[in-house]
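Counting starts at 1 for both ligands and their atoms, following the listed order. Computed from a predicted model, the values in this text were never measured in an experiment. Scope of the values below: all heavy atoms of this structure, side chains included, with no hydrogens, waters or symmetry mates.
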Amino acid sequence: MTGPVALRGDLARTVPVVVGGGIAGLVVAWELARAGRPPLLLESGPTVGGCIAAHLVGGLELDAGAESYATATTSVADLIDDLGLGDAIVSPNPVGAWVRYAGGSAPLPTAALLGIPAHPLAADVRRVLGLGGSLRAGLDRLLPAGSGAHSASLGALVGSRMGRRVVDRLVEPVAGGVYSTDPDELDVDAVQPRLRGALREAGSLAGAVQRLRGSGARPGSAVAGLRGGLYSLVVTLREQVEALGGTVLTGVDVAGVRPREDGWQVTTSVGDRLADTVVLAVPGPAAVSLLDSAGIPAPATSAATSDVLLVTLVVDHAGLDRHPRGTGILVSRHARGVSAKALTHATAKWAWLAERAGPSRHVLRLSYGRGTTVAEEAHPLDERDLTTLALADAGTLTGVRLDHSALADSALVRWSSALPRPEPGHRAEMDRLRTQVAARPGLHLAGSVVAGTGLAAVVSDARTVGRAVLSSGQGAQSR
Ligand SMILES: Cc1cc2nc3c(=O)[nH]c(=O)nc-3n(C[C@H](O)[C@H](O)[C@H](O)COP(=O)(O)OP(=O)(O)OC[C@H]3O[C@@H](n4cnc5c(N)ncnc54)[C@H](O)[C@@H]3O)c2cc1C
């Protein structure tokens, strides 16, 4: 069912309500539905999927948000298998991505985690850091295990053990690409909860990275995708939730959740609804506001989020056929002459997409925004100016001169409040928030605000939340 539907008539009937139809809300709804407890899912946007969305550019259906998932854990692959989509899983071109820093561009070191090298003296690390930078990074092995271990931010931790060059040339482009914020403002425990423990056990940061990475050595093998695009994941989730008796309503904004003696009153843009269970699966600012309506005060650290601007270019240029920057390139904030923070060469990354696009037609995805708002230099520009900026950036980053004559089509997507910016202390504060929520029978919290950014973390957490709802006996049979 699509579009707003009045809920008032249903006030007497109580079912579990899931608020937010991103991947987190859909996974929770799917867990409930397949356990025979079909929920009502309310999504404020026109479609489900949240940060997983599709758009048509140059006749190609492309992911407009997330386009791959981390394979360090099997959480997403397991879900895909359970949904019956396992045959569509594809690996990216193993050639890997590059990084652009103040002094040039180079392939990203193959063995790394969040940009932190597992082998500081390896040739591919030396190429980015220079010999002096690599030797400084190698000092990490000689420092006591406890040195720097209590640093609150990722940047401080890596800088104290391996030196600032590792932060500026490797960690900042990688972590900035994922979190749209500076590593000096990123909570270590939120972005990699096992890093401090691994550091203590291994005695060095490089050793910790080796432990956490396991044996996989190629950057291209650290993620996977779906043939046809990741968007099919949310389409299938919705279909299965509905086939199992769940109801998915889009265009319904949830304004408040208030406790009642017999459950929760969910106030929406189209009326109120009584629920025995409410799962909040919305981004930080919306979660804070809904929790406030439920009588749970805002966390001490902000549930701040960043905006991202994505410009997708479909271009015809044989110079890109040789994939000059592998699957793409991450950009250090210290690199000059480029505004984009990352470029994904999607047709180099995904063979299925190159096949669909045809000879010498390329899909380039550039992202902008490193802080609260989309990059100031890009913000005031209109669509044509942004496309021109993206063409210029793509040319600088790939080394292949591109202008409007090469452009077959382009699209612009502004993601607002899309990515959590976990400041130091965020993980501890979210754990406290979850404890407060757990004390309210029938109320649950899911999604990137508590799970962290990325499908692997969000999916795994959402499945746990779904099972917690079922085992708590709430979300029981619809009455
Ligand atoms: C451009 C971009 C690219 C990304 N690329 C990747 C990638 O390649 N790999 C990866 O692993 N991760 C990627 N991510 C991150 C990943 O997509 C997210 O971590 C994940 O999708 C978050 O899912 P979620 O369900 O927690 O939140 P969301 O996807 O934000 O979903 C929350 C939903 O709640 C709805 N909502 C909000 N308020 C209300 C309300 N009051 N009432 C009802 N509904 C409401 C929203 O409309 C939204 O649909 C990317 C993110 C972005 C923005």
Side-chain angles (χ1 to χ4, degrees), residues 4 17-29 40-53 55 63-73 75-76 92 177-180 222-226 229-231 233-234 237-238 248-257 266-270 278-291 293 305-312 327-328 341-342 344 346 349-350 365-369 374 412-420 422 445-462 465:
V17 169
V18 178
V19 183
I23 185 84
L26 284 166
V27 167
V28 172
L40 169 65
L41 185 148
L42 303 174
E43 162 58 46
S44 58
T47 56
V48 293
C51 297
I52 306 178
H55 59 176
D63 281 313
E67 50 90 62
S68 61
Y69 59 89
T71 51
T73 68
S75 66
V76 182
V178 178
Y179 298 98
S180 283
V223 297
L226 284 179
L230 210 59
Y231 185 64
L233 182 57
V234 293
L237 275 166
R238 179 184 184 156
V248 176
L249 300 181
T250 52
V252 178
D253 190 45
V254 175
V257 285
V266 181
T267 302
T268 84
S269 50
V270 292
V278 177
V279 181
L280 301 178
V282 294
V288 166
S289 152
L290 291 176
L291 286 171
S293 71
T305 49
S306 299
D307 296 353
V308 181
L309 170 72
L310 264 189
V311 184
T312 300
T327 56
K341 64 172 186 158
T344 303
K349 187 169 182 178
W350 306 112
R365 223 167 81 130
L366 292 102
S367 51
Y368 294 83
V374 163
L412 214 107
V413 183
R414 287 181 195 273
W415 290 99
S416 70
S417 304
L419 297 169
L445 198 52
S448 60
V449 62
V450 279
T453 291
L455 303 185
V458 171
V459 165
S460 152
D461 180 77
V465 171

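For the ligand labelled ligand 1, residue Ala281 lies inside the 4.0 Å heavy-atom shell.
Residue contacts with ligand 1, taken as heavy atom pairs separated by less than 4.0 Å, do not involve Thr268 at all. Within the 4.0 Å heavy-atom criterion, neither part of Leu230 lies near ligand 1.
Of the listed residues (Val252, Val27, Val254, Ile52), the one carrying the non-hydrogen atom nearest atom 41 (N) of ligand 1 is Val254. Counting only non-hydrogen atoms, the option in Leu42, Leu310, Leu455 that gets closest to atom 20 (C) of ligand 1 is Leu455. Atom 4 (C) of ligand 1 has its nearest heavy-atom neighbour, among Ala66, Gly256, Ala287, in Ala66.
Residue Ser68 places at least one N or O, backbone or side chain, under 3.5 Å from an N or O of ligand 1. The shortest N/O to N/O separation between Trp415 and ligand 1 does not fall below 3.5 Å. Checking only distances, Ile23 does come within under 3.5 Å of ligand 1, N or O to N or O. Checked by distance only, ligand 1 and Glu67 come closer than 3.5 Å through their nitrogen or oxygen atoms. Inclusion of Cys51 in the set of residues having an N or O under 3.5 Å from an N or O of ligand 1 is warranted. For the pair Ala456 and ligand 1, the shortest N or O to N or O distance does not fall below 3.5 Å.
The distance from ligand 1 to the heavy atoms of Pro283 drops below 4.0 Å at these ligand atoms: 30 (O), 32 (C), 34 (O), 37 (C). Taking every heavy atom of Ser448 and a limit of under 4.0 angstrom, the matching atoms of ligand 1 come to 26 (O).
Contacts of Lys341 classified as salt bridge (Lys or Arg N to Asp or Glu O under 4.0 Å), with partners at least two apart in sequence or in another chain: none.
Among all protein heavy atoms, the one lying closest to atom 36 (N) of ligand 1 is Ser44 OG, 3.5 Å.
Between the side chain of Thr268 and the backbone N or O of Val270 there is at least one donor-acceptor pair closer than 3.5 Å.
Across all non-hydrogen atoms, the minimal contact from Val459 to Val27 is O-CG1, 4.3 Å.
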